[in-house]
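This one's a predicted model, so the numbers in the text were calculated from it and none came from an experiment. Proteins get letters first, then strands, A, B, ... in listed order; numbering begins at 1 in each.
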Number of protein chains: 2
Amino acid sequence: MATIETCLSPELLSLHEVAAKNVVIVDIFRATSTMTAALANGVSGILPVMDLESCRAKVSEGYVIAGERNGQTAAGFELGNSPLAYTQGQYIGKKIAMTTTNGTVAIEKTATLANQIILGAFVNLEATANYLLEQNEDVLIVCAGWKGRFNLEDSLYAGALAQALVPYMSTDCDATIAMRSLYESNQHRLKLFLSQAAHSKRLQNHGIEEDIDFCLTLNQYPVVGVLKGGELVAVSDGQ
Amino acid sequence: MATIETCLSPELLSLHEVAAKNVVIVDIFRATSTMTAALANGVSGILPVMDLESCRAKVSEGYVIAGERNGQTAAGFELGNSPLAYTQGQYIGKKIAMTTTNGTVAIEKTATLANQIILGAFVNLEATANYLLEQNEDVLIVCAGWKGRFNLEDSLYAGALAQALVPYMSTDCDATIAMRSLYESNQHRLKLFLSQAAHSKRLQNHGIEEDIDFCLTLNQYPVVGVLKGGELVAVSDGQ
């Protein structure tokens, strides 16, 4: 039976085996939610980039550039990190180069060793769970956290995904057991519970309550974001 | 209002401010439970020691030596890491030099910067909470974890302590919010929930179910273990 493990912060990655696993990268507010929304809304591929400067350089290669630092659109960037920027079909067929505070770092740290890198987000939770079950490989959920620390929203997602997988996969990982229980006892009041979270408070100060609501609305999309040839692309559940 | 913060693994300590805080070290199975039981049962002081060899050398200074590695009494040591070794009054007035896998390391990492180092254990939860409230300084709960990883029992204790402190102290720490909720939804079935934990399973394999039951029995003792002059000593609630 395939196994599930959760890494609660990129700072703890060295304690986990990454090799040959299906690694689910989670940065709910907002990188992985936004990437998933972009792919579900017709973006053809997303190149994750480590820093703003390298991202800017991608304009000359035909990429639309998206970047935020500390929750704000970076200077000179067309897009920030809002998932709502993609939902009116403005970027169908476009390629996006994206750099974010925490999410891109987690992708870069695991990309070379993992079997596959998969985007984790509430907006396509069920599709991702189904995809992972079809693959039937060991799963490592990596929470991007906030500047290396544990954060509530990414960890709750780990619990939600574990809840969906555990009947069919096994776990002896304490972090997975804990987060599954935490999700189960708070899923009926996810937004209320998360409103206490440190990062939610930071985002509320930036006036992006709509983004928060969007990122916490489950199963809006049937697609799954997977890293292929260095870019994140959409695969449909079953592909 | 004083604040509460939780560090879920010693590997994440560099992300937390330790200076001037009351640091609660938690290693439920079994270091901090055993140390607390020892102090409550008349041991005059406990010297935390980093390694087995330094610990052995303390015999010549009149210490009884206690040490375990991977859950077993270390070769040549009078005591392992069982709290039950102290409950019949066998060590009243004795000094103990103790080294353990995870707990001692967390003490050493924080001792020089902290305001005070305090032992965290379910066996004296209420006494510790009262002591911290009287002190009214910022609290940092440091979970010893298991070889650097998050573990369930230490994290649940963090939640239990937060539950007792939060009406009187504030927190914007996601780990504290999460563990408090986890404890609140599982406190009525603590032993059952923890029986899933990776470390509980390891300990069950060592045939020490009695130790586990003891470590999870709340509020057996009114004393609090505090590091003073390099040794852990008992202070009574109110002292």
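- Here the shortest heavy-atom pairing between B:L8 and A:F150 reads CD1-CD1, 3.5 Å.
- Counting all heavy atoms, side chain and backbone alike, A:G148 lies closest to B:L12 at O-CD2, 3.8 Å.
- Note: A:L182 leads A:N186, A:T6, A:L182 in heavy-atom pairs under 4.5 Å with chain B.
- Residue B:L152 holds its CG atom at 10.0 Å from SG of A:C173, rounded to the nearest 0.5 Å.
- Once rounded to the nearest 0.5 Å, the distance linking CD1 of A:I177 with OG of B:S155 reads 11.5 Å.
- Contact annotation for residues 13-25 of chain B against chain A (heavy-atom separation below 4.5 Å, listed by residue number): B:L15, B:H16.
- By the ring-ring contact (aromatic ring centres under 6.0 Å, His included) test, B:Y157 pairs with B:F122, sequence neighbours left out.
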Going through the checks in order, is the side-chain contact (heavy atoms from CB on, under 4.5 Å) test met by A:R149 and B:E5? CA-CA 12 Å; A:R149 287 204 194 186; B:E5 209 171 298; 3.5 Å; yes
*Criterion side-chain contact (heavy atoms from CB on, under 4.5 Å) on B:W146 and A:D174, from CA distance to verdict*: CA-CA 10 Å; B:W146 179 255; A:D174 278 11; over 6 Å; no
